[in-house]
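Reviewing the structure listed below.
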Protein chains: 2
Amino acid sequence: MGAEGHADGTVGKALDVLDMVAGFGRPVRFSDLLVEADYPKATLYRLLQTLTHQGMLTLDPDTGTYALGVRLVRLAHAAWAQSSLAPIARPYLDELARKTGETIHLAQMDQGQVLYVDKRNAARPVEMFAQAGKVGPAYCTGVGKAMLAYLPPEALEAALARQSFHRHTPHTLASREALLAELEAIRKRGHAWDAEEHEAGIICCAVPILSRSGRVMGALSVTSTTARTTLEALGAQAPMVKDIAAKIAAEAESWRFPEQV
Amino acid sequence: MGAEGHADGTVGKALDVLDMVAGFGRPVRFSDLLVEADYPKATLYRLLQTLTHQGMLTLDPDTGTYALGVRLVRLAHAAWAQSSLAPIARPYLDELARKTGETIHLAQMDQGQVLYVDKRNAARPVEMFAQAGKVGPAYCTGVGKAMLAYLPPEALEAALARQSFHRHTPHTLASREALLAELEAIRKRGHAWDAEEHEAGIICCAVPILSRSGRVMGALSVTSTTARTTLEALGAQAPMVKDIAAKIAAEAESWRFPEQV
DNA sequence: AGACTAAGTTTCAAATAGTGAAACCAAACG
DNA sequence: CGTTTGGTTTCACTATTTGAAACTTAGTCT
């Protein structure tokens with residue numbers, strides 16, 4: 001079947017189409033989608049109609065192109081505020097950025113990929129939407145590996161199945177086996193490295209954010225360059241990063257229960 | 001036939017549930033949703049399962065609560081970048097904020113409501129996600145009326161049907177008739193006022209952002225308080241605001257066609 | 001013009017997927 | 001330990017979705 005996995009029911013297909021439109025990154029015509037998707041013409045057409053009618057897509061009548069609808073922005077606002085760690089973690093990220101002077105990433109797992117929900121760039125000021133929301137591979141980023149390492153077996157398996165290993169740099173762990181060994185090491189060590197595995201010259205130290213029950217909620221990382229520092233020096237910060245991760249986890253957990261009125 | 005309108009098909013229902021979860025603003029239990037929704041138990045259950053499986057919701061296994069999933073954040077990132085005016089308008093908003101020293105709003109229409117996609121607050125720096133994504137009523141805000149005024153008849157009708165008129169302040173136009181008359185005046189004048197119709201003491205001057213073909217793409221407003229200025233003084237800025245709206249429209253239109261490779 | 005082609009929209013019988021009342025299970029409660 | 005509350009599963013019934021194919025437009029070519 002298609003590149004996408006198991007689409008359960010109509011809803012799954014509809015969301016799949018949404019992703020597809022999102023993937024293009026520009027308004028798309030019906031036919032653009034038709035070649036990409038492996039749904040028959042009529043089916044795709046109806047899905048698009050439904051989504052458009054629902055405000056998840058917009059059809060520009062002038063050009064006959066579909067784009068993601070603003071209803072998504074509204075939903076995302078709520079998602080970001082209520083479900084991501086970002087609003088809670090915000091002050092902690094500030095603190096960490098200030099103390100380390102490096103770039104800070106806050107990420108969560110999304111369908112086997114890393115989703116950055118917040119970021120502090122040492123240099124320039126905060127630019128949320130433009131920065132957050134980006135996705136990256138899990139198997140070759142610090143935050144990705146930190147989360148993978150603490151996933152329960154089935155979830156890990158599901159995540160691994162979604163990785164498309166690719167050797168970004170000479171240091172990339174581009175096989176399932178190498179990655180599994182590394183995850184074991186991460187669990188021993190308590191934090192993950194990114195030793196130029198994704199981009200040359202970029203290194204980072206990442207720790208998972210775990211709930212009291214051990215569930216992976218996200219990950220936090222301090223990123224730098226080989227020009228500026230070394231893995232060892234970054235590692236020296238690990239205890240502090242871990243401490244902040246724990247604080248975020250604690251607050252996230254207590255915060256999750258405004259206990260219905 | 002619940003409070004929500006016409007839910008077409010399973011997809012509509014699923015999205016309806018999503019909205020519902022978003023509406024709670026906190027993680028919700030199955031039973032919370034059950035009383036709110038008028039779907040039978042089993043149906044709601046299945047919808048939740050599907051959405052969870054799809055990553056649009058997350059089920060916290062510890063507490064048995066559902067929250068919006070991070071997949072939405074990813075989608076929204078794309079939506080914001082590709083479909084909203086925000087990324088294009090950004091530099092213009094900065095310019096306008098600098099020139100006026102007032103609060104600037106950029107909004108789009110979403111299902112008869114106003115959705116703020118970006119904002120410049122005179123005082124504090126940009127905080128995207130936390131600011132953007134908010135919704136407000138259309139009939140009693142400057143941006144809302146500016147957009148309504150230029151909507152084609154059917155769309156206007158649909159939007160009006162979704163307004164739930166409520167007298168927020170003594171100045172609110174809380175009837176269909178009063179609003180229609182005002183929209184006529186806005187078309188004549190070329191821009192909309194908000195004369196303390198939503199919040200006491202808050203006034204604004206808003207202009208629509210129209211495509212070359214006359215389609216409403218969004219609206220732009222300069223907001224202030226009666227303590228600081230008057231409607232007349234704000235009105236003096238209208239030409240400039242209109243000019244910037246035109247620039248945004250022009251750029252948005254040319255930008256929409258990176259013309260497929 | 002008229003004959004092709006490409007892009008989008010509609011049809012309709014067959015099949016699939018969704019429905020929901022009711023039964024079931026498992027904690028929490030008194 | 002019987003009962004309630006909150007969540008999950010079943011299963012016959014049905015409505016929705018499906019998709020090949022026919023049909024419209026709107027361009028293009030000769």
Side-chain angles (χ1 to χ4, degrees), chain A residues 1-2 4-18 20-21 24 26-54 56-67 154 213 215 256-261, chain B residues 1-2 4-21 24 26-54 56-67 154 213 256-261:
Chain A
M1 315 305 156
E4 295 301 319
H6 37 71
D8 50 357
T10 325
V11 176
K13 288 178 198 169
L15 296 176
D16 185 29
V17 171
L18 263 191
M20 194 166 284
V21 176
F24 273 84
R26 59 168 169 83
V28 281
R29 287 210 242 78
F30 176 72
S31 45
D32 294 329
L33 292 166
L34 187 56
V35 296
E36 193 91 338
D38 36 25
Y39 300 118
K41 228 179 175 188
T43 301
L44 180 64
Y45 183 71
R46 244 174 306 104
L47 288 172
L48 287 170
Q49 268 206 158
T50 306
L51 288 169
T52 303
H53 180 61
Q54 289 291 328
M56 301 295 279
L57 293 177
T58 3
L59 171 57
D60 183 330
D62 300 338
T63 67
T65 55
Y66 294 90
E154 335 77 61
S213 67
R215 206 161 38 78
R256 285 217 151 191
F257 305 107
E259 231 27 289
Q260 73 283 20
V261 193
Chain B
M1 317 156 177
E4 295 301 320
H6 36 69
D8 48 358
T10 324
V11 177
K13 288 177 200 170
L15 296 176
D16 186 29
V17 170
L18 263 192
D19 268 345
M20 195 165 285
V21 175
F24 273 83
R26 58 166 170 83
V28 281
R29 289 210 243 79
F30 176 72
S31 45
D32 294 330
L33 292 166
L34 187 56
V35 297
E36 194 92 337
D38 35 27
Y39 299 119
K41 226 180 174 188
T43 302
L44 180 64
Y45 183 72
R46 244 173 308 104
L47 287 173
L48 287 170
Q49 267 206 159
T50 307
L51 288 169
T52 304
H53 180 60
Q54 289 292 327
M56 301 296 279
L57 293 177
T58 3
L59 171 57
D60 183 328
D62 299 340
T63 68
T65 56
Y66 294 91
E154 335 77 62
S213 67
R256 285 217 150 191
F257 304 108
E259 232 26 289
Q260 72 285 21
V261 193

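Chain letters run A, B, ... following the sequence lines, proteins first, then strands; residues in each count from 1. Only heavy atoms go into these numbers, but all of them, side chains included; no hydrogens, no water, no symmetry mates.
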Using chain B heavy atoms and a threshold of under 4.0 Å, write down where along DNA chain C the contacts begin and end, 5' to 3'.
C:dG18 to C:dA21
Looking only at non-hydrogen atoms, find the nearest pair between [X] and [Y] and report the distance.
X       : Y        : result
B:Asp62 : A:Ser213 : OD2-OG, 2.8 Å
A:Gly64 : A:Leu59  : C-CD1, 3.8 Å
A:Ala14 : B:Val11  : CB-CG2, 3.8 Å
A:Met20 : A:Ala37  : SD-CB, 3.7 Å
A:Gly12 : B:Gln54  : CA-NE2, 3.6 Å
B:Arg29 : B:Thr63  : CD-O, 4.3 Å

With the criterion being N/O to N/O and under 3.5 Å, what pairs connect the protein with nucleotides 6-9 of chain D, and how long is each?
residue: D:dG7; atom: OP2; partner: B:Ser31; partner atom: N; Å: 3.0
residue: D:dG7; atom: OP2; partner: B:Ser31; partner atom: OG; Å: 2.9
residue: D:dG7; atom: N7; partner: B:Lys41; partner atom: NZ; Å: 2.8
residue: D:dG7; atom: O6; partner: B:Lys41; partner atom: NZ; Å: 2.7
residue: D:dT8; atom: O5'; partner: B:Tyr45; partner atom: OH; Å: 3.0
residue: D:dT9; atom: OP2; partner: B:Tyr45; partner atom: OH; Å: 3.4

How bent is the helix from C:dT10-D:dA21 to C:dG30-D:dC1, measuring the angle between the end axes built from five pairs each, rounded to 10°?
40°
Can you see if the side chain of A:Thr43 gets near the phosphate of D:dG19 - specifically, an N or O under 4.0 Å from OP1 or OP2?
yes
Is any side-chain heavy atom of [X] less than 4.5 Å from a side-chain heavy atom of [Y]?
X       : Y       : answer
B:Phe24 : B:Leu33 : yes
B:Phe30 : B:Leu44 : yes
A:Val28 : A:Arg26 : yes

Residue that, paired with B:Tyr66, satisfies side chain to side chain contact (heavy atoms under 4.5 Å, CB included) out of B:Asp32, B:Val17, B:Leu48:
B:Leu48
